[in-house]
Amino acid sequence: MRAAGGPVRARLRDRAAASDPGLLRLTAGLRTAGSIALAVAVLALLGTDVTHLVAGALAAMVSTFAIREKQRGQQAVTLALGLPVALASMTLAAALHSHVVAGDLVFVALIFCAVYGRRFGDRGTALGLIGFQIYFVSLFVGATVGDLPELYGVVAVAFACGALVRFVLVPETPTGVLQRLRDAFRARLAQLLSAQLDLLDAGPEDADRALEQVREGTARLHETALLIQGRLEEGTSDEGVAGLVQRRVADAEIAAERLGLSLLRARGAERVDTLALHLPGAPVPSGGREPVRDAATETLRRDLEALRQLVLRPVDQAAGTSVAHVRNRLLGYRDEENLPAASPAVQDVFRAVGEAARAVLGLRIALGGVRDESDDSPATARSREELDAEDAVLDAEEEAPAEEATGLRRPTTRAAVQVAVGSTLAIVGGELLSRDRWYWAVLTCWIVFLNTASTGEILVKGYRRLLGTVLGVLAGIVLAGAVGRHTWTAFALVLLFVFAMFYSAALSYTAVSFFVTAALGLLYTLLHTYSLSVLVLRIEETALGAACGVIAAAFVLPVGTDRRTNELLATVLQRLGDVTRSAVEALSGGPPVDLLDEARDLDQALADLRAATKPLTHPVTPLRARRETARYVVALLETCAFHARSLAATAELLPTHPSIAADPRLRRAAGRIENNLEAIRAHVADEHATAEIETGPSIASLLGPTTPGASRYGRVTDRVLRHLQRLDEGVTGLARPLGVPVKAPDG
């Protein structure tokens with residue numbers, strides 16, 4: 001039984017790592033709930049009354065979630081600065097308790113400063129959030145000047161408990177987070193390989209479902225890769241090691257995507273090369289014919305499972321003879337003579353397996369895995385030599401800082417003005433609804449502006465908050481009746497809801513609003529102020545606050561969704577052109593460059609665009625044609641980005657890979673892609689632009705006659721040409737939905 005326990009625990013650990021990369025959501029939930037529980041326990045032992053227990057619980061929550069810096073030293077400094085900010089904010093709220101107009105003006109000024117403080121980075125954001133939220137807590141518990149001495153002690157205890165949980169009970173170091181993210185990447189890579197195995201075996205009736213699982217697995221792998229990139233600098237002490245891990249993660253992601261596309265081609269799926277494999281929700285093409293049951297396919301099935309086991313094998317575990325044998329066999333597929341007898345499409349899958357095995361080997365080495373070379377085959381030895389040579393030439397380049405906007409064009413300044421105007425409207429309207437709980441409207445107005453940049457995003461976020469609030473009120477009615485006057489039962493449920501709120505924060509904002517409102521219903525019960533009318537008022541104030549936020553965003557320094565998406569679309573097109581140009585230049589014999597940073601910038605630009613288009617693709621959007629256009633454009637861009645990243649990965653192998661040589665003809669062949677990207681970008685920036693898209697013969701035909709000796713590099717050249725051809729098709733496909741005119745072909 002003990003022998004079986006290890007694998008079971010390992011599987012459970014891998015599943016947890018894959019579902020919550022880096023355990024970031026679990027840590028956030030445990031830390032916040034733990035801070036509240038500890039603060040309430042300490043204050044209860046000190047004989048604090050229920051009202052001040054609630055204040056301490058809320059202050060502990062604020063002191064925990066407001067701080068987002070990654071380094072522990074920076075967190076400690078911000079927490080230390082946050083305490084006097086909290087005390088000052090509470091003093092202001094208590095002093096102005098009976099001065100309505102002055103209190104409202106100060107509250108608006110505080111909101112403006114809190115939002116404007118985002119321009120100063122994580123610390124400015126945290127201190128602004130603490131100041132605003134503690135002012136809100138003071139209003140919630142009805143703090144007066146006479147209450148201040150005890151409230152000062154309550155807040156100090158809450159901050160101390162938050163610090164104890166953060167630094168001792170639930171510690172989180174950048175190195176530890178990065179390690180967990182690495183484990184999550186391996187787990188998600190293994191899950192993607194499992195989905196690809198299912199796709200290989202799926203019949204026509206199961207093909208669409210299997211393909212959707214592959215797509216979702218690819219998207220999750222990409223999500224984890226981006227998280228790792230965001231944590232590398234803080235999680236590693238050596239810049240060279242950080243760059244190496246970043247490169248190996250990117251290699252593994254691209255190899256996994258390529259393997260999935262090769263499998264689809266082998267199955268005969270329709271239009272596979274234009275499929276946005278990593279975009280959940282994109283139209284699913286036909287899964288192809290019945291799976292073939294022959295010797296080559298059985299071998300492929302065995303090798304995919306073997307590759308999955310290599311991925312799951314702990315990095316610090318010695319390889320062993322059997323593992324070395326499997327690794328040698330998989331890496332051997334990189335040589336033409338080791339490919340099994342099969343159709344060209346199936347042979348291409350075996351090549352993709354070999355490339356994926358090489359990426360896994362590089363990832364294990366980069367993560368500090370045991371290096372056992374005693375049983376290496378010639379193919380494995382060559383792969384190690386290539387990896388070592390690539391590591392030796394790793395040299396990151398720094399980019400010039402981008403010009404920062406000033407004045408009202410600066411996003412933080414614009415948002416501060418908007419939220420101040422919206423909050424003023426919310427105060428006026430909120431006080432008309434209730435002289436005691438008007439601050440709920442202000443809180444909603446504040447929240448809908450967090451992490452949003454356009455009117456459409458604010459509208460969607462306000463809708464989700466209102467929906468979550470309505471559902472939370474219904475739950476609060478049931479819970480308040482069930483809990484009654486049982487104080488500790490209510491506190492226990494509040495802790496549960498707080499944990500659920502932070503655990504679900506990255507998944508659903510509606511769920512967050514639900515848990516917040518349900519918890520508030522319990523807090524009102526504790527304060528003996530609960531009634532059905534109070535919860536109904538909560539819905540009214542939430543709707544009012546969301547409306548005020550939308551009005552402010554629409555009429556005060558507005559940034560329309562179209563304008564926002566056009567700006568981000570232009571950035572994506574520029575980044576796509578940069579990666580393509582640099583990769584083609586390197587593949588054409590130009591000077592070697594480090595393409596990793598450019599590829600990362602492209603990924604980030606795409607992520608920003610995807611987030612900005614959510615209001616356009618939301619199910620409640622009435623303009624269905626517009627929604628489908630946005631989805632189609634993003635899908636094409638994702639496809640183009642995949643082929644551009646693959647070109648970049650091939651170009652980076654050029655200096656060290658013995659089977660890749662530069663081909664000067666590629667520069668001429670790719671010129672049309674670069675010109676078309678520039679034409680589309682010009683049209684996006686100015687709808688009156690006259691630039692046109694060029695079409696013509698295939699990219700391969702532009703190379704001209706085959707030069708002597710080119711056969712040695714034919715397979716690699718074919719791969720490059722395939723990516724260039726699909727990139728050309730994808731860029732040309734953007735013309736129709738974006739309304740870019742197409743130039744008539746000559747002749």
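If you read the sequence from its start, that first residue is 1, and numbering goes on from there. Nothing here was measured: the structure is a model prediction, and the numbers come from that model.
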Assess whether side chain to side chain contact (heavy atoms under 4.5 Å, CB included) is satisfied between L647 and V579, documenting all intermediate values.
CA-CA 8 Å; L647 285 173; V579 174; over 6 Å; no
Side chain to side chain contact (heavy atoms under 4.5 Å, CB included) between V731 and T580: does it pass, once the steps are laid out?
CA-CA 12 Å; V731 172; T580 304; over 6 Å; no
Pair R215-E212, salt bridge (Lys or Arg N to Asp or Glu O under 4.0 Å): steps then yes or no:
CA-CA 5 Å; R215 177 180 287 123; E212 188 62 29; 3.0 Å; yes
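Formation of a donor-acceptor pair under 3.5 Å by the Q196 side chain with backbone atoms of A256 is found in this model. Counting only distance, with no hydrogens or angles, the side chain of Q347 and the backbone of A341 share no donor-acceptor pair below 3.5 Å.
In this structure the side chain of L263 reaches within 4.5 angstrom of the side chain of L300, judged on heavy atoms. Side-chain contact between L200 and V349 is absent, with no heavy atoms from C-beta onward closer than 4.5 Å. Inter-residue side-chain proximity for L724 and V584 is flagged as met; some heavy-atom pair is nearer than 4.5 Å. Side-chain contact between L569 and I680: absent, with no pair of heavy atoms (C-beta onward) separated by less than 4.5 Å. Between L339 and R351 there is a side-chain heavy-atom pair separated by less than 4.5 Å. In this structure, the side chains of L307 and L259 come closer than 4.5 Å at one or more pairs of heavy atoms. At least one side-chain heavy atom of L734 sits under 4.5 Å from a side-chain heavy atom of L637.
When all heavy atoms are compared, the tightest approach of R180 to T27 is NH2-OG1, 4.0 Å. Between F350 and P340, the shortest heavy-atom distance links the atoms CE1-CG, 3.4 Å. Annotation for L331 and G354: closest pair CD2-O, 3.9 Å, computed over non-hydrogen atoms. Of all non-hydrogen atoms in L312 and A190, the two that sit nearest each other are CD2-CB, 3.4 Å. Of all the heavy atoms in R672 and D728, the pair that sits closest is NH2-OD2, 2.8 Å. Annotation for L193 and R308: closest pair CD1-CA, 3.7 Å, computed over non-hydrogen atoms.
In summary, of the residues considered (E598, E257, E638), a salt bridge (charged side-chain N to carboxylate O under 4.0 Å, His left out) with R645 occurs for E257 alone.
Rounded to the nearest 0.5 angstrom, L221 CG and Q191 CD are separated by 10.0 Å. In this structure, D603 CG and E253 CD are separated by 6.5 Å, a value rounded to the nearest 0.5 Å. Atoms CG and CG, from L677 and L573 in turn, are 6.0 Å apart once rounded to the nearest 0.5 Å. Taking CG of L576 as the start and CG of D601 as the end, the distance is 12.5 Å to the nearest 0.5 Å.
Contact check on D198 versus R209 returns no salt bridge, with no Lys/Arg side-chain nitrogen under 4.0 Å from an Asp/Glu carboxylate oxygen. Ion pairing between a basic and an acidic side chain is recognised when a charged N comes within 4.0 Å of a carboxylate O; E674 and R581 show such pairing. A salt bridge links D183 with R186: the distance from a Lys NZ or Arg NE/NH1/NH2 to an Asp or Glu carboxylate oxygen falls below 4.0 Å.
Under the side-chain hydrogen bond (donor to acceptor under 3.5 Å, both in side chains) criterion, D303 pairs with R329, Y333, not counting sequence neighbours. In this structure Q574 satisfies the side-chain hydrogen bond (donor to acceptor under 3.5 Å, both in side chains) test with no other residue, sequence neighbours excluded.
Heavy atoms of other residues, nucleotides or ligands lying less than 6.0 angstrom from CZ of R302 number more than 12.
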